[in-house]
Amino acid sequence: MVQVTYLDAIRQALLEEMDRDPAVLLLGEDIGVYGGAFKATAGLLERFGWERVIDTPISETAIVGAAIGMSYLGLRPVAEMQFIDFIACAFNQITNFVAKSHYRWGAPVPIVIRGPAGGGVHGSAFHSANPEMYFVHTPGLKVVYPATAYDAKGLLKSAIRDNNPVLFFEHKFLYRRIKEELPEDDYTVPIGQAIVRRPGRDLSIVTYAAMVHASLEAAEQLAREGIEAEVVDLRTLLPLDRQTVIESVRRTSKLLVVHEDTRTGGIAGEIAALVTESAFEDLDGPIRRVTSLDTPVPFSPPLEEHFLPNAARIAEAARDLARY
Amino acid sequence: MVQVTYLDAIRQALLEEMDRDPAVLLLGEDIGVYGGAFKATAGLLERFGWERVIDTPISETAIVGAAIGMSYLGLRPVAEMQFIDFIACAFNQITNFVAKSHYRWGAPVPIVIRGPAGGGVHGSAFHSANPEMYFVHTPGLKVVYPATAYDAKGLLKSAIRDNNPVLFFEHKFLYRRIKEELPEDDYTVPIGQAIVRRPGRDLSIVTYAAMVHASLEAAEQLAREGIEAEVVDLRTLLPLDRQTVIESVRRTSKLLVVHEDTRTGGIAGEIAALVTESAFEDLDGPIRRVTSLDTPVPFSPPLEEHFLPNAARIAEAARDLARY
Amino acid sequence: MKSDPARQELTHEEALELYYYMRLNRSLDELLVRLFRQNKIVGGLYGSLGQEATSVGTAYALAKGDWIAPLIRNVGSLLVHGYKPRDIMTQYMARVTSPTQGKDGTCHFGDLKTHHVVSPISMLGDLIPVMAGVAMAGRYLGQKIVAMTWIGDGGTSTGAFHEGMNFAAVQRAPLVVVLENNQWAYSTPVNRQAPLRDFADRARAYGIASYTVDGNDLVAVLRIAREGVERARQGHGPVLIEAKNMRMLGHAQHDPAEYVPREMFDYWKARDPLTRYEKYLDRHKLWDEKEKAAIHARIESELAADLEFAENSPFPPAELAEQGVYCNGCHNIEAQWRRAKEELMPPKSAVTPEWTIKDFGGMETKPAVAADRSEQQHSVIEGAVVHPPQTDRKRKITAPGSRRARR
Amino acid sequence: MKSDPARQELTHEEALELYYYMRLNRSLDELLVRLFRQNKIVGGLYGSLGQEATSVGTAYALAKGDWIAPLIRNVGSLLVHGYKPRDIMTQYMARVTSPTQGKDGTCHFGDLKTHHVVSPISMLGDLIPVMAGVAMAGRYLGQKIVAMTWIGDGGTSTGAFHEGMNFAAVQRAPLVVVLENNQWAYSTPVNRQAPLRDFADRARAYGIASYTVDGNDLVAVLRIAREGVERARQGHGPVLIEAKNMRMLGHAQHDPAEYVPREMFDYWKARDPLTRYEKYLDRHKLWDEKEKAAIHARIESELAADLEFAENSPFPPAELAEQGVYCNGCHNIEAQWRRAKEELMPPKSAVTPEWTIKDFGGMETKPAVAADRSEQQHSVIEGAVVHPPQTDRKRKITAPGSRRARR
Ligand SMILES: Cc1ncc(C[n+]2csc(CCOP(=O)(O)OP(=O)(O)O)c2C)c(N)n1
Ligand SMILES: Cc1ncc(C[n+]2csc(CCOP(=O)(O)OP(=O)(O)O)c2C)c(N)n1
Ligand SMILES: [Mg+2]
Ligand SMILES: [Mg+2]
């Protein structure tokens with residue numbers, strides 16, 4: 001069987017969903033003739049034509065706005081942000097129009113907004129963002145951020161079929177760096193379910209996206225030192241799978257949260273609150289965080305490396321915590 | 001001495017700063033001839049003229065953008081969002097242009113963006129927001145949210161004099177509801193310092209803005225029941241005064257965080273993370289949160305009442321926690 | 001009499017129906033003001049006094065199945081589109097019987113299935129791209145619908161307005177945007193919004209057709225709206241209609257509008273759209289006293305019944321606040337296909353991914369006048385100024401080769 | 001020879017200096033492409049091949065003290081404004097010696113004190129309101145400065161562009177916006193951005209003057225830019241200059257631009273701005289071979305020195321990443337007052353808070369032609385199309401009273 005990259009898994013999900021349902025169509029900058037800045041939509045214009053693969057002007061608010069309107073007539077638009085950083089330009093439309101539509105007047109907005117996020121590719125301050133927390137803090141949205149090709153495909157399909165607006169973050173560092181065999185059949189991965197990527201008894205590392213891989217790397221290193229870290233991949237950030245997180249902490253009594261997002265106000269806080277609320281008695285040590293620095297993403301390689309979390313830093317924090 | 005409302009304290013701060021320094025000027029919708037939707041700028045056009053009190057088109061991105069440009073030439077613009085909800089329309093400009101300017105290329109952006117926030121006045125989903133966490137999660141900004149007239153005036157002056165961009169949230173429920181005597185002299189309240197509004201030994205209630213008053217009310221009730229709650233008013237949300245929070249928890253060993261903002265991703269999480277990181281051994285019970293519901297702000301009075309935290313709910317959670 | 005052009009433009013039935021809506025809009029507004037003074041309204045009250053002809057005339061130009069997204073002053077559009085006074089009353093009174101069950105107020109409501117109404121949000125401009133999407137989806141599904149929305153003079157300064165108009169233009173979406181130039185945006189006069197005499201000129205940035213119409217002349221508004229709607233429906237792209245009128249009250253009830261020169265109110269009061277339409281009906285003998293009285297009586301009894309309904313309606317139960325953030329098993333919006341889906345599926349949908357670039361963008365290339373536009377002959381339309389789409393206008397060549405100028 | 005208008009338009013010195021910048025821009029670009037192929041550049045490389053005349057000609061029209069905010073392709077503007085090739089090289093190579101010390105890359109840098117350059121951010125359009133603010137601040141301080149910034153055809157579709165242009169227009173800010181219509185926005189051709197033949201028409205939404213100029217004709221660009229800058233400096237409000245040119249490479253080095261029809265490259269290659277300017281200098285005998293060779297030699301040695309400097313520069317130390325999020329005790333931007341501050345302080349600053357509404361917004365009112373604009377007689381300017389501001393255009397009256405139409 002062929003190995004499918006994270007990027008190609010996304011393309012497959014789009015293609016298969018468009019094949020399944022003509023209500024699914026795509027909007028975004030340079031997604032048609034060019035096939036997208038990262039080629040996530042390559043070949044889809046050829047296959048589905050101009051009406052279903054719509055190259056737009058540089059207008060993120062209009063892209064999201066038009067997707068909303070389309071969804072009101074029963075369509076299932078998938079909007080691409082060329083880089084997820086540009087989602088900031090549609091922030092009002094997303095947090096005020098999209099997120100509140102169903103609550104206010106009962107109009108569901110089954111759209112997907114997807115795009116490449118994350119650092120590690122020297123993209124600098126405007127092409128490396130992890131803006132997920134802005135949306136995790138917005139009731140009415142769902143937020144998904146897969147770490148594997150399997151999940152990317154399965155979650156994107158779920159997102160398209162979901163009756164709620166889903167923000168689908170893709171980690172661009174993973175696009176071509178990871179691959180795996182995927183099932184031939186149509187499959188989905190449910191939104192809202194975390195997964196234990198590696199069982200362990202000494203501490204829980206809760207993380208998502210590219211940091212899953214750094215955490216697994218750290219866990220291997222720790223295992224060689226006799227520390228068994230459990231690695232939980234959140235996969236969905238909103239709604240958060242509280243149960244899987246809390247069960248893991250109940251097992252290990254120690255919690256390290258790792259995210260590539262900046263520290264203050266990152267999801268580690270929310271998880272710390274959840275755990276101290278619901279599993280305080282199970283905790284056997286402080287909750288630790290390994291995150292990016294509280295700065296914009298710097299450009300030059302030594303700076304960006306210093307900015308980002310990595311396996312070594314995760315292992316170090318885990319070691320500390322295990323010893324606590 | 002005269003009693004000055006929270007609203008008038010803001011007006012005084014603007015007026016005095018404009019009197020002090022011609023580099024201070026105002027931009028916003030309907031702030032000139034009309035004096036602002038809440039009259040925070042009433043009389044300032046009369047006093048300072050058309051060049052310093054600028055009625056703008058309905059263009060939040062342009063308001064913030066122009067303020068940035070002005071600050072680059074040494075001015076100190078204060079931009080009003082007619083309701084803070086509309087800050088969503090300038091989100092990109094604030095999080096990408098403003099917040100990153102100094103880090104990226106050394107250009108400070110000494111601007112203030114201020115406006116009425118918060119619920120309780122039946123303003124519905126678009127006139128009641130507490131969007132502070134979006135900005136607390138954005139390195140490069142400072143975020144201030146005063147609870148008293150004294151602080152409102154002193155912090156706004158500090159914000160105007162600060163060399164960094166400051167988002168200044170005003171709680172509209174407090175505008176005309178609270179008043180106090182203010183010093184005759186010029187005074188400031190430093191950004192980044194929390195204050196203990198009420199000492200107590202049994203638990204710490206950490207909160208800010210309108211919820212300070214609800215928490216104090218709850219604390220009085222609790223005191224009658226023999227529970228002594230310490231109430232900490234954060235005042236500044238970014239940078240957070242970790243020390244005051246942690247010292248309070250060290251004293252009381254129990255922490256309840258109260259905010260009017262929605263729950264998931266609210267600042268309670270960040271505080272929970274701080275405390276479990278730095279004062280884990282001092283904690284004698286789970287960290288609890290009393291917050292708004294994870295929904296948009298509903299309109300009808302019974303719904304909004306149900307949505308918002310209040311003294312009764314704070315007291316209940318505190319009681320529970322004290323008993324733990 | 002037979003040759004009176006007014007009688008040809010409006011049937012007797014239409015003329016009376018229009019009056020019904022005009023008068024109902026006005027009376028409902030007056031009733032709401034009374035309720036506000038009695039403290040029966042929750043939050044602010046936004047009036048439409050003086051703007052009824054624009055709301056009613058534009059919405060009246062639509063066909064069944066068309067979509068609208070009104071702003072809060074477009075009470076008249078909602079009435080024409082099938083909503084009842086009780087819907088607006090219960091919204092303003094925050095009752096559980098309101099279209100949003102008290103979750104939202106004012107005219108912030110809508111309905112995807114029956115009325116085809118998209119609720120506005122407060123952030124001005126955001127509806128424009130949304131309604132561009134509605135228009136595109138309608139076309140995609142093979143429905144021959146038009147999407148109509150409204151925007152204030154102030155709202156045209158927002159980025160969302162620009163992005164939505166531009167996207168609709170490049171997509172040639174069947175979108176009609178009514179730009180209600182009521183001279184004020186809250187306390188800000190229109191000349192502080194942009195240095196334009198006609199806000200219809202906003203359309204020139206998108207190469208689309210636009211109109212400026214006297215917004216207090218109901219018949220002119222309807223005439224232009226019908227033309228604009230037809231134009232959009234035929235696939236000629238979006239249309240911007242500027243209706244000039246006047247907000248005859250403050251921004252909302254709390255605002256005494258002291259910043260408006262008194263003579264300005266006088267000027268516009270003399271041009272009151274309701275009185276003007278009454279005179280029009282008189283002049284063209286389109287009604288008699290009995291018919292007029294019957295409409296008044298009907299409105300009175302309808303409003304009384306709806307008011308009773310609203311006042312007897314309870315507030316929503318507190319727990320409702322917790323419900324409905326997500327749609328779980330509730331989605332029942334089916335795409336209404338009016339074309340063969342196969343056209344949109346491979347292999348039928350297959351295309352060659354290639355741009356055709358007719359000219360290369362140089363200075364020498366000839367203006368590309370779209371064939372389907374050139375036949376549009378916009379000339380004198382009563383009560384309105386018509387702006388043809390950009391590409392129709394010819395450049396005056398005054399110099400040879402690449403050198404030319406236009407004044 | 002004396003009467004050759006070209007010799008009057010450009011001094012000998014200017015002609016050569018312009019050539020220096022044009023050639024330097026081109027050579028630096030070529031060098032950067034070589035560095036990219038050698039893997040010495042961090043991240044993407046965005047070229048300006050084919051667009052040099054627009055960058056150089058527009059920036060050259062400015063005076064000392066004026067402010068600019070270039071986009072990443074406006075390498076030429078940065079050079080004209082005083083930055084050195086090493087600044088651009090070290091930025092692209094992410095070295096600590098770069099203007100941002102490696103914190104940011106490409107042409108994302110600026111300097112408030114010496115160069116008066118505002119750094120762009122990637123989000124297109126955001127610079128426009130920022131530069132409107134710069135222009136307003138300059139006027140407020142009594143400086144006679146002009147603010148200039150650039151935007152692509154694609155960038156004009158953003159909401160930020162609209163809000164910034166509109167605000168500048170209503171404020172009559174001394175802002176010059178150069179709209180670089182290089183036919184493409186990444187892979188998107190300009191006719192997919194908006195159905196406009198001339199993107200200068202974007203200006204019509206703001207009632208401001210605009211120009212369309214052949215962006216490959218350096219002298220025409222400079223001529224128009226000088227006029228636009230002068231116009232803005234004199235207080236006539238912002239100006240939009242559309243320069244038509246062609247992005248002669250892909251969006252960035254990773255993009256082979258296969259979506260561009262080959263003949264389109266041919267068309268524009270035949271109009272290469274550098275070659276055209278060389279021919280212009282030849283034709284008008286503005287230089288000789290020796291001067292040309294000297295410039296080439298100068299550029300070669302400067303580039304070699306700067307390259308050596310860049311290559312020998314270290315990367316920044318890792319810990320630098322932690323510094324500079326906030327400005328603590330670092331702020332040293334002093335407002336440069338060129339007017340009496342008292343004008344802005346009470347009691348001098350006192351005004352009556354009252355709107356003057358000349359007309360009442362009705363259909364009957366006469367066009368209000370701004371006096372200071374009416375004397376502007378835009379007619380034939382070589383190499384350019386000139387669009388007067390909106391308010392200058394007269395409405396054709398074809399019907400009596402309130403009924404009129406314009407075609
Ligand atoms: C983006 C945005 N900014 C600010 C506001 C606050 N606001 C509400 S209505 C209004 C004035 C609107 O004027 P206009 O668009 O002309 O509509 P009108 O009230 O005249 O009908 C303003 C500034 C808003 N609703 N949206
Ligand atoms: C708001 C925003 N959305 C998307 C992008 C991604 N992007 C970068 S450059 C570009 C094309 C820009 O085209 P144009 O404005 O014509 O400038 P050119 O590259 O032709 O110089 C796009 C879409 C962006 N920079 N900003
Ligand atoms: Mg208005
Ligand atoms: Mg371009």
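Below, read A as the first sequence line, B as the second, and so on, with proteins coming before strands; counting in each chain starts at 1.
Of all heavy-atom pairs spanning D:Cys330 and B:His102, the tightest one is SG-NE2, 3.2 Å. B:Leu75 and D:Ala137 make their closest contact through CD1-CB, 3.5 Å (heavy atoms, listed as atom of the first residue, atom of the second, distance). The shortest non-hydrogen separation linking B:Ile54 to D:Gln171 is CG2-NE2, 3.2 Å.
Contacts between residues 89-104 of chain D and chain B, counted as heavy-atom pairs separated by less than 4.5 Å, involve D:Thr100, D:Lys103, D:Asp104.
Under a 3.5 Å cut-off, the side chain of D:Tyr326 and the backbone N or O of B:Gly140 do form a donor-acceptor pair. The closest donor-acceptor contact from the side chain of D:His331 to the backbone of B:Pro108 lies at 3.5 Å or more, if one exists at all.
For a residue to count as touching a neighbouring chain, one of its non-hydrogen atoms must lie under 4.5 Å from one of that chain's; by this rule B:Pro239 does not touch chain D. Proximity to chain B (any heavy atom under 4.5 Å) is restricted, for D:Pro120, to the backbone atoms N, CA, C and O. With a 4.5 Å cut-off on non-hydrogen atoms, B:Ala107 touches chain D through its backbone and its side chain both. Residue contact with chain B, scored on non-hydrogen atoms closer than 4.5 Å, involves the backbone and the side chain of D:Ser119 alike. Within the 4.5 angstrom heavy-atom criterion, atoms from both the backbone and the side chain of D:His108 approach chain B.
Interatomic distance, D:Ile121 CD1 to B:Lys100 NZ, rounded to the nearest 0.5 Å: 7.5 Å. In this structure, NZ on D:Lys113 lies 15.0 Å from OH on B:Tyr72, to the nearest 0.5 angstrom.
The candidate from D:Gln323, D:Gln336, D:Glu163 with the greatest count of non-hydrogen atom pairs under 4.5 Å with chain B is D:Glu163. For the set B:Asn164, B:Ile68, B:Asp19, B:Thr61, the entry with the most heavy-atom pairs within less than 4.5 Å of chain D is B:Asn164. Ranked by non-hydrogen atom pairs under 4.5 Å with chain D, the options B:Ile58, B:Leu141, B:Val64 are led by B:Leu141. Between chain D and the residues B:Cys89, B:Ser101, B:Pro57, the largest count of heavy-atom pairs under 4.5 Å involves B:Pro57. Of the listed residues (D:Leu141, D:Ile145, D:Asn166, D:Asn328), the one with the most heavy-atom contacts under 4.5 Å to chain B is D:Leu141. When each of D:Gly138, D:Ala168, D:Cys327 is scored by its heavy-atom pairs under 4.5 Å with chain B, the top score falls to D:Cys327. Put simply, of B:Gly49, B:Ser59, B:Ala23, the one with the most heavy-atom pairs under 4.5 Å next to chain D is B:Ser59. Comparing B:Gly65, B:Gly32, B:Gly43, B:Gly74 by how many heavy-atom pairs each has under 4.5 Å with chain D, the most go to B:Gly65. Contact tally against chain B (heavy-atom pairs below 4.5 Å) for D:Val130, D:Val134, D:Val170, D:Ile333: the top residue is D:Val130.
Among residues two or more places apart in sequence or in another chain, the side-chain contact (heavy atoms from CB on, under 4.5 Å) test is passed with B:Glu277 by A:Arg263, A:Arg289, B:Leu274. Taking D:Ala135 as the reference, D:Ala147, D:Ala173, D:Pro174, D:Leu175 meet the side-chain contact (heavy atoms from CB on, under 4.5 Å) condition, with sequence neighbours excluded. Judged as a ring-ring contact (aromatic ring centres under 6.0 Å, His included), and not counting sequence neighbours, the contacts of B:Phe83 are B:Phe38, B:His127.
Residue B:Arg242 qualifies as open at atom CZ: its count of foreign heavy atoms under 6.0 Å is 12 or below.
With respect to D:Glu343 and B:Arg52, no salt bridge is recorded, no charged nitrogen being found less than 4.0 Å from a carboxylate O.
In this structure, D:Trp67 and B:Leu73 have side chains that are in contact, with non-hydrogen atoms separated by less than 4.5 Å. Taking the side chain as every heavy atom from C-beta outward, D:Leu344 and B:Glu51 approach each other to under 4.5 Å. Residues B:Trp105 and D:Val118 meet the side-chain proximity criterion, which asks for heavy atoms closer than 4.5 Å. Considering only heavy atoms from C-beta on, B:Trp50 stays 4.5 Å or farther from D:Ser349 through its side chain. Between D:Pro346 and B:Met18, the closest side-chain pair of non-hydrogen atoms is not below 4.5 Å. For the pair B:Leu27 and D:Phe167, the minimum side-chain heavy-atom distance is below 4.5 Å.
Using a 3.5 Å distance cut-off with no hydrogens or angles, the side chains of D:Asp126 and B:Asn96 do not pair a donor with an acceptor.
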